[in-house]
4 protein chains.
Amino acid sequence: MCKTDKRDDILSAAMELMAEQGFHGAPMAMIADKAGVGAGTIYRYFENRDVLIRDVYHMIYDEFVSFLLNRYPTDRPVRECFFHIGKGIIDYLIRNPLKFRYTEQFHNSPYGLEFRKLKLSNDTGEFDFGRDLYYKGLKHQVIKEIPLPIFFDLAFAPIFWAVRDHHTGFVVIDDALAEVIVSSCWDSIRI
Amino acid sequence: MCKTDKRDDILSAAMELMAEQGFHGAPMAMIADKAGVGAGTIYRYFENRDVLIRDVYHMIYDEFVSFLLNRYPTDRPVRECFFHIGKGIIDYLIRNPLKFRYTEQFHNSPYGLEFRKLKLSNDTGEFDFGRDLYYKGLKHQVIKEIPLPIFFDLAFAPIFWAVRDHHTGFVVIDDALAEVIVSSCWDSIRI
Amino acid sequence: MCKTDKRDDILSAAMELMAEQGFHGAPMAMIADKAGVGAGTIYRYFENRDVLIRDVYHMIYDEFVSFLLNRYPTDRPVRECFFHIGKGIIDYLIRNPLKFRYTEQFHNSPYGLEFRKLKLSNDTGEFDFGRDLYYKGLKHQVIKEIPLPIFFDLAFAPIFWAVRDHHTGFVVIDDALAEVIVSSCWDSIRI
Amino acid sequence: MCKTDKRDDILSAAMELMAEQGFHGAPMAMIADKAGVGAGTIYRYFENRDVLIRDVYHMIYDEFVSFLLNRYPTDRPVRECFFHIGKGIIDYLIRNPLKFRYTEQFHNSPYGLEFRKLKLSNDTGEFDFGRDLYYKGLKHQVIKEIPLPIFFDLAFAPIFWAVRDHHTGFVVIDDALAEVIVSSCWDSIRI
DNA sequence: AATGAATGAGCATTCATTCAT
DNA sequence: CATGAATGAATGCTCATTCAT
């Protein structure tokens, strides 16, 4: 009934359609239809298509991060923190295939590049588990001395690719395999 | 001036424009212009836009694989083979930013999904360095017992992400760092 | 705070926005905003956009005519009456650029055509300084024997064009120049 | 058959529709229809709608000026030159009602303002009958000492308004009346 | 074979108007 | 009475594809 309802309907419809059909395959009219609103209504909540696309991403991103930080074992050893995050990523993305597809597309588009640059330049001071793991790991001399972005790539790239393989049907990631994957990533960054 | 010349001109023009501007930013007319041919001519060599996009990918893919297999040390230990491939990937993709951008876009699009599914079902029997490393590694008990796709993800995902970071300007990958990256990937798959 | 207040607010807002941005550049929502009322409220006072546009014109027109007839020297010679009107037009339109712009736009649009046709057919019998000057002038044989509309064109067209040039910045009309212009118009109609 | 044909068809269709319905009442699709071409075709000849509108004006303007300068009696007295122009304007605009309506709309729009400013600043050195009359008239001391724009307004504004009245049906301008009108305009500018 | 002008379906966006509150 | 969120028809423009030359 409230404003937020309709906005959320639009965000969800956009996310699902764009995840399934790609950014190109989801015209505004189709999104409006799926959201059960008039085409013009979208523009009450989002200035234009680009803003909508970015806002869908931020919705997913916020939910994702908040899921990962839930019960984050800040005070435990880095290794344990890393396993929490790694397995959390797999867990979340396997249970949310559309959100996974959406973010993959987003990252690999002009929007994604812009987002990364923004993140790099604007250090907002918010808690960032990537940096947290990196700096703690360095301090306690449990991870290799490599640049932060490379740390990130080694630690998480295989996880995302593995989830993609899961959704494509190449493998089935169960708990055991998830453990192996995260553990292997750990092997690549630990000293 | 033979048929093949024109075909190659079109492939190159399409690759460059799409890498620079994205798939959306490269209309057929612009590609034709850059290739120095008429718009209609493209359709003599490629059934439609989708076919062109896929053929550009195959062109890049074939050249890439052939580069990697050049001087591939088949008879040497798996570790050495892996380093040859890993460092080859970094070397090639850093020297060919447009081809890298093109493939990244391709992989992250409906085309990429389709391509992967095709590869899964059609086992063409051609030599495949991924499978070669995997099966040899298993046979000699130097790599972990994990499914082939996961092996692939652990071995190569960080490398592609690192190259992306290089092109984005987040890090500079020199020979030393390349060595570290490939070595870390090896750490994640070796027993 | 009575009904009329709001109606006037809407008329003023519409006049200003349309004068500044053109008819096209002033959507109903913007007018409502500027008038400090809800978008729907406009439709309580004006059946639709066309009616609003016409009513704004009538508001300006009435005020304009009433200004011109203030101290109109009915009993003095035609020449004096003409100078009163001519200089009044210049005076009023130079001090009210927005109203000038609005009427110019109005006259030069389907609305203007319709308005003129209406005026032609509906002779309302109200006092009309144009007719007054014309018939008195004819009676006293001080103006040429020409059709009324042509009299009107000769007498006033240059004045309106000159005011436009003033607002565009092509000339600056001061009192002396105003005198020259009106005097020249008189030259064109007098015997 | 040649390129120009289609371009001209589009110009004519646009001119007629916009003259009859106003700029707003002539969508690109309607223009394309009337011109007997596809909607997209318009954009091969005109970058966008604004350019089309301006180009239609220039087409009319060039033809109009060329008509007026045909048999222009350069070597004869200013008065004779003025009568040639004045009567030419009436003649041309009465025989071309759509072109008249189009130019009236154009002049009274942002396009028209832009055009006037351009003309004022860019003195292209081309022959301009307005300036010719003005400077010759001043030199021979047959016209009043007034600014050029005011000269223009006095000389031509009534003519355009009269033509408008003719097309609206307020008066019928025959040769005799045309003579009277031009003669009266002359009265307003001559010494 | 090669061309490139022509096509028209498709899309993002705007805005006059309505109507539930 | 007043509101302003919602609507959806309308429009300018793009671009993959065709086809006459």
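In the text below, chain A, chain B and the rest are named by the order of the sequence lines, each starting its count at 1. The analysis underlying the following values was restricted to heavy atoms, covering all of them including side chains, and did not include hydrogens, waters or symmetry mates.
Residue-to-nucleotide proximity on DNA chain F shows that, of C:G40 and D:G40, the 5′-proximal contact is made by C:G40. Comparing C:G25 and C:A39 by the nucleotide of DNA chain E whose heavy atom lies nearest to each, the residue mapping closer to the 5' end is C:G25. Positionally, the nearest nucleotide of DNA chain E for B:I42 lies more toward the 5' end than for the other of A:T41 and B:I42. Nearest-nucleotide positions on DNA chain F place D:F23 closer to the 5' end than the other of D:F23 and B:Y43.
Exactly one of B:F115, B:F64, B:Y102, B:Y111 qualifies for a ring pair (Phe, Tyr, Trp, His ring centres under 6.0 Å) with B:Y57. That residue is B:F115. Tested against C:K99, the residues C:E16, C:E63, C:E20 include a single salt bridge (charged side-chain N to carboxylate O under 4.0 Å, His left out) partner, C:E63.
One interatomic measurement links the two molecules: CD1 of C:I31 to P of E:dC15, which rounds to 11 Å at whole-angstrom precision. Rounded to whole Å, atom P of E:dT13 lies 14 Å from atom CD1 of A:I10. In this structure, the CZ atom of D:R7 is 14 Å from the P atom of E:dA5, given to the nearest Å. Counting to the nearest Å, the P atom of E:dC11 and the CD atom of A:Q21 are 12 Å from each other. If you measure from atom CD1 of B:I53 to atom P of F:dC15, you get 13 Å, rounded to the nearest angstrom.
For A:P27, taking side-chain heavy atoms from C-beta onward, the closest of the listed nucleotides E:dT7, F:dA5, E:dA12 is E:dA12. Candidate nucleotides F:dT3, F:dA5, E:dA1 were compared by shortest atom distance to the side chain of B:R44, and E:dA1 ranks first. Relative to the side chain of C:K6, the nucleotides E:dA5, F:dA5, F:dA2 differ in distance, and F:dA2 lies closest. For B:Y45, counting side-chain heavy atoms from C-beta on, the closest listed nucleotide (F:dG12, F:dT3, E:dA2) is E:dA2. Nearest nucleotide to the A:N48 side chain, out of E:dA2, F:dC15, E:dT13: E:dT13.
Across all strands shown, E:dA20 pairs with F:dT3; the Watson-Crick or G-U wobble distances both stay below 3.5 Å.
Heavy atoms of C:M28 sit under 4.0 angstrom from at least one base atom.
Ring centers of C:H107 and C:F160: at least 6.0 Å apart, outside the cut-off.
Summarising the geometry, atom CD1 belonging to B:I60 is positioned 11.5 Å from atom CG belonging to B:D55; distances are rounded to the nearest 0.5 Å.
The aromatic rings of B:F23 and B:F106 stand perpendicular to each other, their planes meeting at an angle above 60°, with 30° marking the opposite boundary.
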